[in-house]
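Both counts, for ligands and for their atoms, begin at 1 and track the order of listing.
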Amino acid sequence: MKLQRPEEECGIFGIFNHPEASNLTYLGLYALQHRGQESCGIVSSDGSSLHAHKSMGLVADVFGNQEIFKSLPGKSAIGHVRYSTTGSSVIKNVQPIMVDYSRGSIAVAHNGNIVNAQIIKDELEAYGSIFQTTMDTEIIVHLLATSKANSLLDRISDSLNRIKGAYCLLFLTETRMVAVRDPNGFRPLCLGKLGSSYVVASESCALDLIDAEFIREIEPGEAIIITNEGMTSYFPLQKANPTPCIFEFVYFARPDSYIFGKNVYQVRKEMGRQLAREHQVDADIVIPIPDSGVPSALGYAEESGIPFELGLIRNHYVGRTFIEPQQAIRHFGVKIKLNPVREVLKDKRVVVIDDSIVRGTTSRKIVKMIRNAGAKEVHVRISSPPTSYPCYYGIDTPNRKELISSSHTIDEIRKYITADTLGYLSEDGLISSVGTENTSYCRACFTGSYPVKFPKLGIAPQLDLFEKELPEYE
Ligand code: AMP
């Protein structure tokens with residue numbers, strides 16, 4: 001069986017040894033909802049067996065009923081929110097995955113994307129493994145089950161040393177919770193404490209909600225095992241130079257989170273300041289495309305001295321699907337989310353700040369919307385460089401050919417989105433905003449230089465798997 005599109009953007013949360021473990025996991029997932037809105041799930045342990053509840057939908061909808069927590073007993077739990085991707089939005093692919101094998105039960109929640117997944121899967125199937133899902137995460141479970149090693153840590157390191165790519169993982173067994181971050185440290189993962197209970201979360205905003213204390217980030221290549229005896233840290237994986245994902249700062253993480261040693265809000269605001277230095281323009285107001293453009297727009301306004309205004313208002317309660325009326329409504333898709341404030345925009349020269357242009361369709365509709373609301377000029381500023389290459393490490397980006405900047409010049413994009421001017425933050429500007437003190441970030445989406453290479457074998461299945469071109473091989 002072919003794997004479908006890879007496991008994309010996700011959020012994970014776990015808590016060990018707390019009387020309200022599953023309820024707190026629900027809250028943790030609630031704070032991580034921005035990392036995935038397609039489906040969610042929780043697995044708890046009562047010390048002798050695991051219990052699961054998972055479903056398609058938002059966290060508040062899936063876990064809104066208190067009765068559900070009666071079916072998730074025990075003092076430890078892990079949870080997962082999964083982003084919407086086409087092709088694999090089916091209930092069997094909802095995480096955490098839970099299995100019984102010869103050594104007991106184990107559940108796993110995964111954020112990231114394994115680049116040699118199909119090859120390992122083909123191998124496992126050749127030896128008789130039967131897969132239940134089309135997720136790359138299930139490979140890890142099969143590798144664990146087939147490992148001959150005696151300790152759980154050795155089985156985990158055996159398995160993970162065979163896989164390549166991006167992964168933050170949370171494992172739960174009857175008596176242990178294990179957190180692992182891949183050697184490149186692509187995705188964020190942090191450790192906290194609530195009283196005597198350990199907490200692990202994709203982003204620190206999940207710790208804040210449950211009043212847990214932030215202890216530190218889990219390091220690239222680190223595995224943490226938590227038992228009733230306490231926490232132990234190991235480095236069982238082959239070393240690599242850490243390359244955390246810079247796009248987490250640009251778009252994905254929540255601004256109140258602390259990731260890769262920085263507060264996301266402050267980094268985004270600095271990107272806006274730098275954007276103003278690089279792409280000045282005479283204008284009357286600076287407006288963000290809410291919500292992701294807000295901190296950068298504040299930075300741009302501060303640096304340029306042009307007043308910050310809210311010219312577009314976002315409806316925060318938009319569900320996943322809505323039925324378009326038969327009578328066509330102009331820019332319906334964007335209007336559902338955003339509406340202009342005419343009184344703010346009328347007769348103004350407007351600088352609009354967004355974090356990225358992917359296909360260009362949203363920017364085009366927004367520029368038109370701002371003009372229709374009476375703006376005299378629309379100057380689009382993007383707080384990251386052109387996104388020209390797909391991500392294979394867990395951000396949901398389309399095929400290369402669908403990324404407008406892979407085949408169009410900046411002026412062609414400007415024309416397409418019908419802006420008066422268009423300016424992107426430079427790569428150097430982005431790096432100086434983020435800071436390069438400790439680490440060199442993965443910027444493959446901007447540069448096409450991929451830090452973890454793709455396996456040569458099985459190129460064809462890999463192509464199917466990703467539905468994207470693979471630009472570099474081992
Ligand atoms: P478009 O250019 O129409 O494809 O969409 C651009 C918008 O998508 C920007 O406003 C971004 O904030 C947002 N965006 C960027 N990357 C992603 C992503 N990986 N998933 C969802 N939305 C994204």
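- Using a 4.0 Å cut-off between heavy atoms, T362 contacts ligand 1 through both its backbone and its side chain.
- F260 and F249 have their aromatic ring centers within a separation under 6.0 angstrom.
- In terms of heavy atoms, D291 sits closest to H316 at OD2-NE2, 3.2 Å.
- The part of S292 lying near ligand 1 is the side chain, judged by heavy-atom distances below 4.0 Å.
- The proximity of T361 to ligand 1, defined as any non-hydrogen pair under 4.0 Å, involves the side chain as well as the backbone.
- Shortest contact from atom 12 (O) of ligand 1 to any protein heavy atom: D355 OD1, 2.7 Å.
- Between M56 atom CE and Q37 atom CD the span is 12.0 Å, to the nearest 0.5 Å.
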### Message
Walk me through whether L189 and N111 qualify under side-chain contact (heavy atoms from CB on, under 4.5 Å).
### Response
CA-CA 10 Å; L189 193 64; N111 171 209; over 6 Å; no

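- When all heavy atoms of G14 and L170 are compared, the closest pair comes out as N-CD1, 3.5 Å.
- Contact atoms of ligand 1 toward I357: 2 (O) (distance under 4.0 Å to a heavy atom of the residue).
- Nearest non-hydrogen protein atom to atom 22 (N) of ligand 1 is Y251 OH, 3.0 Å.
- Residue, atom and distance of the protein heavy atom nearest to atom 4 (O) of ligand 1 are R359 N, 2.7 Å.
- Among all non-hydrogen protein atoms, the one lying nearest atom 10 (O) of ligand 1 is D354 OD2, 2.6 Å.
- Residue E9 has at least one nitrogen or oxygen atom sitting less than 3.5 Å from a nitrogen or oxygen atom of ligand 1, judged on distance alone.
- Counting heavy atoms only, S356 comes closest to atom 11 (C) of ligand 1 of the residues S405, S356, C445.
- Checked for salt-bridge contact, E427 and R443 meet the test: a charged N lies under 4.0 Å from a carboxylate O.
- With ligand atoms numbered from 1 in the order given, ligand 1 contributes 18 (C), 19 (N) to contacts under 4.0 Å with heavy atoms of D396.
- For the pair F247 and ligand 1, the shortest N or O to N or O distance does not fall below 3.5 Å.
- Between Y416 and H408, the ring centre distance reaches or exceeds 6.0 Å.
- Aromatic ring centres of F186 and Y393 lie closer together than 6.0 Å.
- Atoms of ligand 1 found under 4.0 Å from any heavy atom of I395 (numbered from 1 in listed order, with element): 19 (N).
- The CZ atom of F214 sits 5.5 Å away from atom OH of Y258, with the distance rounded to the nearest 0.5 Å.
- Residue contacts with ligand 1 for V358 involve both N, CA, C or O and side-chain atoms from C-beta outward (heavy atoms, distance under 4.0 Å).
- Residue contacts with ligand 1 include Y83, since one of its heavy atoms falls under 4.0 Å from the ligand.
- Taking 4.0 Å as the cut-off between side-chain N and carboxylate O, E302 and R273 count as a salt-bridged pair.
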